[in-house]
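Heads up, the thing below is written out as structure tokens.
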Amino acid sequence: MNRSVIIVIGGVIVALILTNALHKEVYYNLKLEKLKQEYAIKPVPSADHSKFEILQQEFKTPQDVTEACISCHTERHKEIMASAHWNWERVSYVEGRGIAAAGKRNVINNFCIGAQSNEQSCAKCHIGYGMTNDHFDFNNARNVDCMVCHDNSDEYLKGTSMAGFPDRSVNLAKVAQSVGQPTRHNCGSCHFNGGGGNNVKHGDLEQALLAGSRDVDVHMAVNGINLECTACHTAENHQILGKMYSVSSTNTQRATCEQCHTNTPHFDPILNRHNAKVSCQACHIPEYAKVNATKMAWKWSEAGKLKDGQPYQTEDETGNHDYMTIKGSFKWEKNVKPDYVWFNGTAGHYLLGDKITSEPLVINPLNGSHDDGVSKIIPVKIHRGDQIYDRVHKTLIQPKLWSDTKGDSAYWMDLDWDKAAAAGMKIIGLPYSGEYGFIETEMYWPVNHMVSPKEQAVSCAECHTRSADGRLAGLTGFYLPGRDYNKPLDIFGFLLFFGSLAAVVIHAAVRIIVSIKNKQYETKIIDYDTDN
């Protein structure tokens, strides 16, 4: 046969082998396609509120708007007044405490510490009007703020330190006539700006989500499926799915990835089996704070410094304040790789009056372990800092921080920790010894947003590695293939692999030898037949 023909045939065979080896079949995820079709159809409002005669008036107060709303939506205010958004607490069974209430009314954080004694400022993120102090009437339906969640004009704005009332520039009539289903602007007005600014607290919730790309978040991307918050955080009778584990303790009313994507979202069964111990977020959120930095540390102990006898503040190279006289020093980070913990859906909380038992004090420990049967690995942001505590009573102090006048003991006006501590503890009815210090604290914030496209998901080698900077290097107490070393198991695996390889080689050698001997035998027989 011509040599060139042989080369061509050989090349074709090699090409066919490589094509078969390298070809990847394209599979369509029908579950995902169904979800895309379902959410691509945006709901159409069933009513045009601009045509309602009762809303075509000049409203003197926001409470007048509320009365107009509930004249048609006659029972909705009762649903609101039964919600955690209104009451700032939930009553539930908490392990170790029994039936207990937990929420902004009695839970402390290590950002602005707490709402108690600072209600007039903190009420900017309350769905009501007139919260000037701890005597707010939670039973007064007129104080329900319908507009903060339902304004679709993007013009509604809560006033700064105005007890929850809207900014004076808001046109109440225009907003009242422009209401509809909640949008990201409504939810984000509070949840993007908690802690005093954009992306301060969460790290995965910020203003960039209002108009982000798929690289920022595949769910809320304006060039993607463009979901609103309520697509996942659904509600029945104003009881919204989803919890903030800075204030909530129980594993109920949670919003999960599985409620849309099921427990088997992948074609690869190995990936689906990971779902038993690994959350979707752990793989699909490789980084948070993708656009704007988030606050990672807050040192209250460094507050109070003056420059030329006056309070001052400084900013870092990205424009974020890294020091403020009234608040202390801060550390910001961007494109942050999460920490990882085991989480079973329940959390503990430091409540006002609890004794300090450790340092650093974990204010909201997330419960879970590899062995409890229900825990999964989740990504978290850990916010570290220090805050004021009572040296004698061994309790965290709720200081009075805000006031609109000097001489009212508020730290942000008078810069006197002793007076602020005494005033704050008196308001909440807890003792203060007169001796204070600062203790290191930590808070855990589960990372659930800023989901990346699947091409950017965490790779296998980022977890299954012996490298000290592996993503799961800090999680111990269980065997992780590729990371952990077990000598007997590794020896067994070594013997099994090389034993199998030896068996294949020996088997092939035996086949070759037998084949050669058979051919030699056949040749002898042919020669014998020929000779005879």
Side-chain angles (χ1 to χ4, degrees), residues 45 47 49-50 52 55 59-73 75-89 103-105 115 118-132 136-198 200-202 205-207 209-210 228-230 233-235 237-242 244 247:
H49 285 76
S50 67
F52 289 5
L55 299 179
F59 294 99
K60 294 181 180 180
T61 69
Q63 287 95 331
D64 293 337
V65 178
T66 300
E67 288 198 349
C69 293
I70 62 179
S71 68
C72 291
H73 303 281
E75 306 302 307
R76 289 302 193 187
H77 61 288
K78 297 179 182 178
E79 298 171 1
I80 289 292
M81 294 165 69
S83 71
H85 274 95
W86 171 259
N87 290 302
W88 269 3
E89 66 179 10
K104 290 183 183 294
R105 289 205 211 181
N118 305 297
E119 287 86 359
Q120 186 161 335
S121 177
C122 296
K124 184 174 182 179
C125 277
H126 181 250
I127 56 171
Y129 307 124
M131 186 181 281
T132 56
F136 178 75
D137 185 0
F138 285 93
N139 296 313
N140 187 348
R142 276 177 50 83
N143 285 331
V144 172
D145 185 353
C146 305
M147 293 180 286
V148 70
C149 292
H150 291 282
D151 166 47
N152 284 178
S153 70
D154 296 337
E155 293 188 12
Y156 188 76
L157 177 67
K158 289 271 199 178
T160 300
S161 302
M162 289 181 58
F165 285 103
D167 188 86
R168 293 181 179 87
S169 65
V170 173
N171 184 328
L172 297 176
K174 181 178 180 180
V175 172
Q177 295 173 33
S178 305
V179 295
Q181 291 293 320
T183 67
R184 288 199 295 272
H185 285 84
N186 301 118
C187 303
S189 64
C190 283
H191 291 288
F192 294 169
N193 298 292
N198 181 41
V200 167
K201 278 188 177 179
H202 299 271
L205 282 174
E206 62 136 314
Q207 293 171 10
L209 294 173
L210 295 174
E228 300 291 353
C229 303
T230 51
H233 298 278
T234 57
N237 299 328
H238 285 92
Q239 302 300 312
I240 301 174
L241 287 184
M244 296 267 295
V247 291

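Quick caveat: nothing in here was measured; it's all calculated off a predicted structure.
With sequence neighbours left out, the side-chain hydrogen bond (donor to acceptor under 3.5 Å, both in side chains) criterion links Thr132 to no other residue. Asp145 pairs by the side-chain hydrogen bond (donor to acceptor under 3.5 Å, both in side chains) definition with Tyr129, Tyr156, Lys158, not counting sequence neighbours.
For the atom pair Ile127 CD1 and Ser83 OG, the distance stands at 4.5 Å (nearest 0.5 Å). The line from CE of Met131 to CG of Asp137 is 10.5 Å long, rounded to the nearest 0.5 Å.
Checking side-chain atoms of Glu228 against main-chain N and O of Arg184 turns up a donor-acceptor pair under 3.5 Å. With hydrogens and angles disregarded, no donor-acceptor distance shorter than 3.5 Å links the side chain of His150 to the backbone of Gln181. When atom types are taken as modelled, the side chain of Asn186 and the backbone of Pro182 share no donor-acceptor pair closer than 3.5 angstrom. Within the 3.5 Å criterion, the main-chain N or O of Phe138 finds a donor-acceptor partner in the side chain of Trp86. Side-chain atoms of Thr230 do not come within 3.5 Å of backbone N or O of His233 as any donor-acceptor pair. A distance-only check finds no donor-acceptor pair linking the side chain of Asp167 to the backbone of Val170 [under 3.5 Å].
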Starting from the C-alpha separation in whole Å, work towards a yes-or-no answer on side chain to side chain donor-acceptor pair (under 3.5 Å) for Gln207 and Asn193.
-> CA-CA 8 Å; Gln207 293 171 10; Asn193 298 292; 2.9 Å; yes

Please lay out, stage by stage, how Ser121 and Asn118 fare under the test side chain to side chain donor-acceptor pair (under 3.5 Å).
-> CA-CA 6 Å; Ser121 177; Asn118 305 297; over 6 Å; no

For Arg142 and Glu67, what are the C-alpha separation, side-chain angles and deciding distance, and is it a salt bridge (charged side-chain N to carboxylate O under 4.0 Å, His left out)?
-> CA-CA 6 Å; Arg142 276 177 50 83; Glu67 288 198 349; 2.8 Å; yes

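Surrounding NE2 of His238 are more than 12 heavy atoms belonging to other residues, nucleotides or ligands, all under 6.0 Å away.
For Phe136 and His126, the ring centers sit closer than 6.0 Å to each other.
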